[in-house]
Amino acid sequence: QVQLVESGGGLVQAGGSLRLSCAASGRTSDRYHMGWFRQAPGKEREFVAAISWNRGNTVGADSVKGRFTISRDIAKNTVYLQMNSLKPEDTAVYYCAVKTVGWISPIRISPSEYEYWGQGTQVTVSS
């Protein structure tokens with residue numbers, strides 16, 4: 001069983017920055033991917049970025065490349081999403097998620113691929 005604790009959401013002006021964090025505990029596997037997803041009202045959950053825990057390889061959505069950076073701190077079992085140059089259209093509930101893997105595999109971007117989810121944290125970007 002994996003538990004995820006998120007923090008860092010809030011209200012920020014357009015052009016500003018936020019840093020989300022997601023601390024993982026209770027892992028059942030040493031191989032997993034951690035991802036960030038977001039969901040705006042009336043829209044489907046959308047992939048933002050993900051990272052492979054062991055290798056540190058990353059994948060990001062085209063809409064956030066150059067603005068958002070995903071990283072991990074192995075010692076703290078924590079993944080971060082550094083969000084810069086925020087836009088009003090980034091407003092959404094952001095979710096941290098984990099996908100356990102049994103072998104080396106590409107990072108997946110579909111929400112349905114991920115097994116464990118955090119509670120979600122609201123990010124609001126004002127104009």
Side-chain angles (χ1 to χ4, degrees):
Q1 189 74 31
V2 175
Q3 295 174 305
L4 304 173
V5 180
E6 299 172 311
S7 62
L11 174 66
V12 66
Q13 291 182 321
S17 299
L18 283 174
R19 187 182 185 91
L20 307 182
S21 64
C22 175
S25 62
R27 301 187 204 92
T28 59
S29 173
D30 289 332
R31 300 195 62 83
Y32 57 95
H33 302 158
M34 299 187 69
W36 289 97
F37 299 80
R38 65 187 183 186
Q39 188 167 20
K43 301 194 69 176
E44 294 183 345
R45 193 164 296 184
E46 175 189 24
F47 170 77
V48 177
I51 187 168
S52 62
W53 188 255
N54 288 338
R55 293 183 176 181
N57 295 332
T58 61
V59 174
D62 289 341
S63 60
V64 304
K65 287 181 179 178
R67 299 189 298 123
F68 293 7
T69 302
I70 189 170
S71 62
R72 88 255 198 250
D73 187 325
I74 295 176
K76 296 182 178 180
N77 293 326
T78 299
V79 64
Y80 302 96
L81 184 67
Q82 179 66 48
M83 304 185 294
N84 298 326
S85 301
L86 283 162
K87 306 174 182 179
E89 51 263 44
D90 294 319
T91 295
V93 177
Y94 283 70
Y95 298 91
C96 176
V98 167
K99 173 182 172 57
T100 59
V101 297
W103 56 87
I104 298 174
S105 63
I107 297 175
R108 312 309 292 264
I109 65 173
S110 173
S112 64
E113 297 279 358
Y114 287 75
E115 305 163 42
Y116 304 99
W117 294 82
Q119 78 285 357
T121 184
Q122 177 71 47
V123 172
T124 302
V125 184
S126 62
S127 60

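Computed over heavy atoms, backbone and side chain alike; hydrogens, waters and symmetry mates excluded.
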Are more than 12 heavy atoms, taken from residues, nucleotides or ligands other than [X], located less than 6.0 Å from that residue's [atom1] atom?
X      : atom1 : result
Arg108 : CZ    : no
Glu115 : CD    : yes
Glu44  : CD    : no

Inset, instruction - Under the side-chain contact (heavy atoms from CB on, under 4.5 Å) rule, what do Tyr32 and Val2 come out as? Steps first, then yes or no, please. - result: CA-CA 11 Å; Tyr32 57 95; Val2 175; over 6 Å; no

If I compare all heavy atoms of [X] with all of [Y], which pair ends up nearest, and what's the gap?
X      : Y      : value
Val125 : Thr91  : N-OG1, 2.9 Å
Val98  : Met34  : CG2-CG, 3.9 Å
Leu4   : Ala97  : CD1-CA, 3.9 Å
Trp36  : Ile70  : CD1-CD1, 3.6 Å
Arg67  : Leu86  : NH1-CA, 3.9 Å
Tyr116 : Thr100 : CE1-CG2, 4.3 Å

Which distance, rounded to the nearest 0.5 Å, do you find between the [atom1] of [X] and the [atom2] of [Y]?
X      : Y      : atom1 : atom2 : value
Gln13  : Ser127 : CD    : OG    : 9.5 Å
Ser110 : Arg45  : OG    : CZ    : 11.0 Å
Gln119 : Ser7   : CD    : OG    : 8.5 Å
His33  : Thr58  : NE2   : OG1   : 11.5 Å
Glu6   : Tyr95  : CD    : OH    : 9.0 Å

Treat each ILVMFWY residue as a node, draw an edge where side-chain heavy atoms are under 4.5 Å apart, and state whether [X] and [Y] are in one component.
X      : Y      : result
Val123 : Leu81  : yes
Tyr94  : Tyr114 : no
Phe47  : Trp53  : no
Leu20  : Val12  : yes

Legend entry - Student check: side-chain heavy atoms of Glu46 and Ser63 closer than 4.5 Å: yes

Inset, instruction - Indicate yes or no: at least one non-hydrogen side-chain atom of Asp90 is less than 4.5 angstrom from one of Arg38. - result: yes

Inset, instruction - Assign the ring pair Trp117 / Phe37 to parallel, tilted or perpendicular, where the plane angle (0 to 90°) is split at 30° and 60°. - result: tilted

Inset, instruction - Answer with yes or no whether the side chains of Ser71 and Gln82 bring together a donor and an acceptor at under 3.5 Å. - result: no

